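Quick notes on the structure that follows.
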Amino acid sequence: MKNKTIFITGASSGIGEACARKFASEGNILILNGRNRILLESLKHELETSYSTSIHLAIFDVRDHEAATQAINSLPAPFQNIDVLINNAGLALGVDKEYEGNMDDYTTMIDTNITALLHMTRLIVPGMIERNCGHIINIGSIAGEKAYPGGSVYCATKAAVKALSDGLRMDLYHTPIRVTLLKPGLVETRFSIVRYYGNEQKAAHVYRHIQPLTGKDIAESAYFAADAPAHVQISEMEILATHQASAQMVWREGENP
Ligand code: NDP
Ligand code: 8X3
């Protein structure tokens, strides 16, 4: 696909950043959202220098509904017709037991992973319906399939992303607009560093003795879904590292019996 307008939330790092690279390298124009202006400006410069693309930065916290509404309503003309929305911004905080964790962290996960994703959908999909074309790619997780200890709230948010994706697909099935849910397993990004509140050692432990996925692997899947012929809707893709069989079943070289 070429010359499409792609909106990516959480594009300053990891999977979102990799999606920006992939879709830009294929000749699309991008609206990149995130909170870190310096990282996003540097990504914009790099991509505009390397590829035939043009990038608009939409710097806001996705939990700030007023800022999100203002950003969407004031997009410059070339960026107004969004073809693909990649709802990617998200996070996990902590690995505490459900009854012991920090309520503020729970609220942050719910507000970011569920409410903000829903708000971006609510803001952008009506325009897709008017134009009779569009594609929403939600970044869910294998964590949304089955909860694991210490992850109940994060897992619940990703189960909600699955329900929101399924419901949206049903609400749109009379239109040409497609809805794709990507459910990655272990992807080495800043995800675990954020989850462990900046503790890089604990984060590295998550990816020990296994070759994890990269943001690029997930970006390739997002692009595959977006690039499929118009009559093909990739509804879901679960993408795991080869030595991973479920969120908790991970074969680690030298550790397993
Ligand atoms: P990263 O931490 O590398 O990237 C997360 C991105 O989301 C960053 O750009 C971050 O920006 C942004 N973000 C977080 N909160 C907000 C906010 N309130 N407003 C705007 N942007 C925000 O992790 P990943 O790339 O791995 O995560 C991307 C998505 O993939 C998440 O939804 C995650 O749940 C999901 N996922 C990740 C997996 C993994 O193993 N890594 C597996 C399955 C799914 P900032 O730096 O400003 O916080
Ligand atoms: C992130 C994948 O398994 O760490 O969504 O929850 S997992």
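Because only heavy atoms are used, hydrogens play no part in the values below, and waters and symmetry mates are left out as well, while side chains stay in. The shown structure was predicted, so the numbers you read here are calculated from the model rather than taken from an experiment.
Across all their heavy atoms, Ile31 and Ala58 have their closest contact at CG2-CB, 3.9 Å. The nearest pair of heavy atoms linking Gly140 to Val161 is CA-CG1, 3.9 Å. Residues Ala247 and Ile142 come closest through the heavy atom pair N-CD1, 3.5 Å. When all heavy atoms of Cys155 and Ala143 are compared, the pair lying nearest together is CB-O, 3.2 Å. Looking at every heavy atom in both residues, Ile29 comes nearest to Thr53 through CA-OG1, 3.8 Å. For the pair Asp96 and Glu100, the tightest heavy-atom approach, listed with the atom from each and the gap, is CB-C, 4.3 Å.
The CG atom of Leu57 sits 11.0 Å away from the CG atom of Leu39 when rounded to the nearest 0.5 Å. From Leu47, atom CG reaches atom OG of Ser54 across 11.0 Å, with rounding to the nearest 0.5 Å. A distance of 5.5 Å separates CG of Leu43 from CZ of Arg21, quoted to the nearest 0.5 Å. With rounding to the nearest 0.5 Å, the separation of CD1 in Ile86 from CD1 in Ile136 is 11.5 Å. For the atom pair Lys22 NZ and Cys19 SG, the distance stands at 10.5 Å (nearest 0.5 Å). With rounding to the nearest 0.5 Å, the separation of OG in Ser221 from CE in Met237 is 4.0 Å.
Met249 and Ile239 fall into different hydrophobic clusters, where Ile, Leu, Val, Met, Phe, Trp and Tyr residues are linked whenever their side-chain heavy atoms come under 4.5 Å apart, directly or through other members. When the side chains of ILVMFWY residues are joined at heavy-atom separations under 4.5 Å, either directly or via intervening members, Leu240 and Leu181 end up in two distinct hydrophobic clusters. Phe60 and Ile55 fall into different hydrophobic clusters, defined by Ile, Leu, Val, Met, Phe, Trp and Tyr side-chain heavy atoms under 4.5 Å apart, directly or through other members. Tracing side-chain contacts under 4.5 Å through hydrophobic residues (I, L, V, M, F, W, Y), one reaches Tyr196 starting from Tyr148; they form part of the same cluster. Both Leu40 and Ile8 are assigned to one and the same hydrophobic cluster, defined by single-linkage of ILVMFWY side chains at heavy-atom distances under 4.5 Å.
Annotation: salt bridge (Lys or Arg N to Asp or Glu O under 4.0 Å) contacts involving residues 125-147, sequence neighbours excluded, comprise Glu145-Lys183. The salt bridge (Lys or Arg N to Asp or Glu O under 4.0 Å) pairs that include a residue from residues 48-60 are Lys44-Glu48, where partners are two or more places apart or lie in different chains. Legend: salt bridge (Lys or Arg N to Asp or Glu O under 4.0 Å) pairs involving residues 198-215, not counting sequence neighbours, sorted by first then second residue: Arg208-Glu255. The ring pair (Phe, Tyr, Trp, His ring centres under 6.0 Å) pairs that include a residue from residues 6-55 are Phe23-Tyr223, where partners are two or more places apart or lie in different chains. Within the structure, salt bridge (Lys or Arg N to Asp or Glu O under 4.0 Å) contacts touching residues 80-91 (residues at least two apart or in different chains) do not occur.
For Thr189 (side chain) and Ile15 (main-chain N/O), no donor-acceptor pair under 3.5 Å exists by modelled atom type. Proximity of a side-chain donor or acceptor of Thr214 to a complementary backbone N or O of Asp217 within less than 3.5 Å is detected. With hydrogens and angles disregarded, a donor-acceptor distance shorter than 3.5 Å links the side chain of Arg178 to the backbone of Val232. Between the side chain of Asn33 and the backbone N or O of Gly10 there is at least one donor-acceptor pair closer than 3.5 Å. No donor-acceptor pair closer than 3.5 Å links the side chain of Lys162 to the backbone N or O of Ser141. Judged purely by atom type and a 3.5 angstrom limit, Thr9 uses its side chain to pair as donor or acceptor with the backbone of Asn88.
A donor-acceptor pair shorter than 3.5 Å cannot be found between the side chains of Thr107 and Asp104.
In this structure Ser12 satisfies the side-chain hydrogen bond (donor to acceptor under 3.5 Å, both in side chains) test with no other residue, sequence neighbours excluded. Remark: Ser152 engages Glu98 in a side-chain hydrogen bond (donor to acceptor under 3.5 Å, both in side chains) (not counting sequence neighbours). Under the rule for a ring-ring contact (aromatic ring centres under 6.0 Å, His included), the partners of Phe191 that lie at least two apart in sequence or sit in another chain are Tyr154. Tyr106 meets the ring-ring contact (aromatic ring centres under 6.0 Å, His included) test with no other residue; sequence neighbours excluded.
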List the atom pairs, with distances to 0.1 Å, where a side-chain N or O of residues 71-80 and a protein N or O form a donor-acceptor pair under 3.5 Å, not counting sequence neighbours.
| residue | atom | partner | partner atom | Å |
| --- | --- | --- | --- | --- |
| Asn73 | ND2 | Thr69 | O | 3.4 |
| Ser74 | OG | Gln70 | O | 2.7 |
| Gln80 | NE2 | Leu75 | O | 2.8 |

For residues 118-126, which side-chain N or O atoms pair as donor and acceptor with protein atoms under 3.5 Å away, sequence neighbours left out?
| residue | atom | partner | partner atom | Å |
| --- | --- | --- | --- | --- |
| Thr121 | OG1 | Asn87 | ND2 | 3.1 |
| Thr121 | OG1 | Leu117 | O | 2.9 |

Counting only pairs under 3.5 Å, give me each side-chain donor-acceptor contact of residues 168-175, with atom names and distances, residues two or more places apart or in other chains.
| residue | atom | partner | partner atom | Å |
| --- | --- | --- | --- | --- |
| Arg169 | NE | Val179 | O | 3.1 |
| Arg169 | NH1 | Asp166 | OD1 | 3.1 |
| Arg169 | NH2 | Val179 | O | 3.4 |
| Arg169 | NH2 | Ser235 | O | 2.9 |
| Thr175 | OG1 | Leu172 | O | 2.8 |
| Thr175 | OG1 | Ile177 | N | 3.0 |

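For the pair Leu186/Leu213, no side-chain contact is recorded, criterion being any heavy-atom separation below 4.5 Å from C-beta on. Counting heavy atoms from C-beta outward, Tyr197 and Leu93 have side chains that approach closer than 4.5 Å. Counting heavy atoms from C-beta outward, Thr115 and Arg63 have side chains that stay 4.5 Å or more apart. Between Gln211 and Thr242, the closest side-chain pair of non-hydrogen atoms is not below 4.5 Å.
Ion pairing between a basic and an acidic side chain is recognised when a charged N comes within 4.0 Å of a carboxylate O; Glu26 and Lys4 show no such pairing.
Counting heavy-atom neighbours within 6.0 Å of Phe224 CZ, excluding the residue itself, gives a total of 12 or less.
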